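Below: the structure, in structure tokens.
Computation of the quantities below employed the complete heavy-atom set of this structure, encompassing side-chain atoms and omitting hydrogens, waters and symmetry-equivalent molecules. These numbers come from a predicted model, not from an experiment.
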Amino acid sequence: MNKRVYGILGISSIMANWNADFSGFPKTISDGTVFGSDKALKYPMKRMWDDEGEKVLYIKSLKVSEDKKKEKKTLVPRSLKERYEQLFDIEDLKNCNDTEEVIKNIFTAIDVKNFGATFAEAGNNISITGAVQIGQGFNKYEGSVAEEQQILSPFRDGTKDKKGNKNDESEEAKSSTLGSKIVSNEAHYFYPFSINPLAYKGYVEMGVTKGYTEEDYLKFKRTSLVAATSYATNAKIGCENELGVFVVTKPNTYLPNLSEYVVFEKEEDKNLITLGFGDLLRELKDNIESVEIYYNPYTTKISGNIEGAKKYNIFTQKEV
């Protein structure tokens, strides 16, 4: 692929929790601004690829582990070494002394081909900078607040107290336990991303990969527009893809994070997303090959005079 791509991926979260911290509340920086990490966006993409039968290396997978001393079997996550052996049908990575073969294998994993990898296992020390780089997604909706809901469990607490006695006789144990679910009333995250196919130039020269191809880009593009919508867990059922901007440029063109130019506002009938980088693209129009904007036309209007931009329905992929 002989071009660069810059863009924005927008995620809406309505009564959902797109990316929680360890306290369960939506992630924030020190000034209280809500954001989502790049990992939160990559995970549903990797999960979608995995469901479709693509090779995905960096994703949680489980195995049954047997504790012979306790005569007990438990479910535990695989290590990176074990995941590699499972994915590439290798008995023991320690017996593989060919690092070039390992690099060839991991480049066939679609998540590595896009996002890169750090692989330090069984004598291999491999670091691959991904062709696709995704930044942090900041919430641009000022009215976003966290809501904590109390949830009643159908079960009582059957654990033991500190003295080892069952809690069956306490008043609390005779009642169902309480839990909580934390969501944002509404949040709109905007992630910047860039794609540089030349990131793999050295590996192409080594002969371990054909590089980042047009097919790789199209797979990333398709998945990035639908993965959040498709990933409907309990916390994410309310999170949807609402914006995708793809600016294709010549290889020697360099753009800043386009998400910095996004303004989100709520109007009476629809949301308004203003894309404020039209002047910048006009200044570089000789180096801009195409601009595509995918959005949800049922809930959102797009503002910003971007010359030559084509607009598409993010769900139907048809031109608006």
Side-chain angles (χ1 to χ4, degrees), residues 1-9 37-39 41-43 45-46 48-50 52-59 79-90 92-136 191-224 227 246-259 284 286-290:
M1 190 172 95
N2 190 30
K3 58 189 178 185
R4 287 177 182 257
V5 184
Y6 299 87
I8 305 165
L9 296 172
S37 74
D38 60 307
K39 309 299 187 298
L41 182 59
K42 290 173 182 175
Y43 183 78
M45 294 178 66
K46 291 192 284 187
M48 187 172 181
W49 282 326
D50 188 58
E52 292 175 344
E54 298 277 3
K55 287 183 178 179
V56 179
L57 179 60
Y58 289 87
I59 195 168
S79 67
L80 176 56
K81 175 179 176 292
E82 291 168 335
R83 176 61 177 168
Y84 176 91
E85 292 165 349
Q86 177 203 26
L87 196 62
F88 300 108
D89 195 24
I90 292 173
D92 193 339
L93 178 58
K94 289 181 180 180
N95 296 329
C96 179
N97 298 317
D98 189 349
T99 300
E100 187 174 306
E101 180 187 341
V102 175
I103 297 174
K104 282 182 179 179
N105 281 339
I106 63 177
F107 257 118
T108 63
I110 191 170
D111 57 323
V112 175
K113 196 69 174 294
N114 281 279
F115 308 132
T118 298
F119 191 90
E121 292 287 336
N124 297 282
N125 193 359
I126 302 165
S127 180
I128 299 172
T129 301
V132 178
Q133 295 296 322
I134 299 176
Q136 307 301 296
Y191 286 87
F193 74 88
S194 64
I195 302 178
N196 175 23
L198 293 178
Y200 302 146
K201 182 180 178 182
Y203 295 102
V204 173
E205 292 170 352
M206 288 171 56
V208 295
T209 177
K210 293 180 179 179
Y212 196 79
T213 65
E214 185 75 20
E215 182 183 0
D216 295 325
Y217 166 58
L218 293 177
K219 284 183 178 181
F220 166 80
K221 181 181 177 182
R222 179 187 67 86
T223 307
S224 69
F246 298 83
V247 180
V248 179
T249 75
K250 292 181 178 179
N252 61 344
T253 304
Y254 309 99
L255 299 181
N257 284 353
L258 298 182
S259 62
L284 297 168
D286 292 339
N287 290 340
I288 306 299
E289 295 188 3
S290 66

Test log, rule side chain to side chain contact (heavy atoms under 4.5 Å, CB included), inputs T249 and L284: CA-CA 9 Å; T249 75; L284 297 168; over 6 Å; no
Trace of the side chain to side chain contact (heavy atoms under 4.5 Å, CB included) decision for K113 with E215: CA-CA 11 Å; K113 196 69 174 294; E215 182 183 0; over 6 Å; no
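Here the OH atom belonging to Y212 is positioned 14.5 Å from the CG atom belonging to N2, to the nearest 0.5 angstrom. Considering OG of S79 and CG of L93, their distance stands at 9.5 Å, rounded to 0.5 Å. Annotation: the span from K55 atom NZ to T108 atom OG1 amounts to 4.5 Å, rounded to 0.5 Å. To the nearest 0.5 Å, atom OG1 of residue T118 and atom OH of residue Y58 are 6.0 Å apart. Once rounded to the nearest 0.5 Å, the distance linking OH of Y43 with CD1 of I59 reads 5.0 Å.
Side chain of K3 to backbone of N196: no donor-acceptor contact under 3.5 angstrom is found. Distance alone, capped at 3.5 Å, places no donor-acceptor pair between the D50 side chain and the K46 backbone.
Applying the ring pair (Phe, Tyr, Trp, His ring centres under 6.0 Å) test to Y84 and every residue at least two apart in sequence or in another chain returns F88, F119. Shown here are the side-chain contact (heavy atoms from CB on, under 4.5 Å) partners of P256, two or more places apart in sequence or in another chain: Y261, L280. Legend: residues meeting ring pair (Phe, Tyr, Trp, His ring centres under 6.0 Å) with Y191, ordered by chain and number and at least two apart, are absent. Residues that satisfy the side-chain contact (heavy atoms from CB on, under 4.5 Å) test with K250, not counting sequence neighbours, are N252, T253, N287, E289. Q86 is linked by a side-chain hydrogen bond (donor to acceptor under 3.5 Å, both in side chains) to R83, counting only residues two or more places apart in sequence or in another chain. Looking at residues two or more places apart in sequence or on another chain, you find a salt bridge (Lys or Arg N to Asp or Glu O under 4.0 Å) between E54 and K219. Partners of T209 according to the side-chain hydrogen bond (donor to acceptor under 3.5 Å, both in side chains) rule, which considers only residues two or more places apart in sequence or in another chain, do not exist here. For D38, the side-chain hydrogen bond (donor to acceptor under 3.5 Å, both in side chains) partners at least two apart in sequence or on another chain are K42, Q136. Remark: T213 engages D216 in a side-chain hydrogen bond (donor to acceptor under 3.5 Å, both in side chains) (not counting sequence neighbours). Residues meeting the ring pair (Phe, Tyr, Trp, His ring centres under 6.0 Å) test with Y200, sequence neighbours left out: F107. For D92, the side-chain contact (heavy atoms from CB on, under 4.5 Å) partners two or more places apart in sequence, or in a different chain, are K81, E85, K94, N95.
You'll find the side chain of R4 stays beyond 4.5 Å of the side chain of S194, heavy atoms only.
Of all heavy-atom pairs between M1 and V5, the closest is CE-CG2, 4.2 Å. Closest approach of C96 to V102, counting heavy atoms only: SG-CG2, 4.0 Å. Considering all non-hydrogen atoms of both residues, L57 and D111 come closest at N-OD1, 3.0 Å.
By the 30° and 60° cut-offs, the orientation of the rings of F246 relative to Y217 is perpendicular.
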Let me have the donor-acceptor pairs involving side chains of residues 123-134, under 3.5 Å, with sequence neighbours excluded, atom names and distances please.
from: N124; atom 1: OD1; to: T99; atom 2: OG1; distance (Å): 3.2
from: N124; atom 1: ND2; to: E121; atom 2: O; distance (Å): 3.1
from: N124; atom 1: ND2; to: A122; atom 2: O; distance (Å): 3.4
from: Q133; atom 1: NE2; to: G130; atom 2: O; distance (Å): 3.0

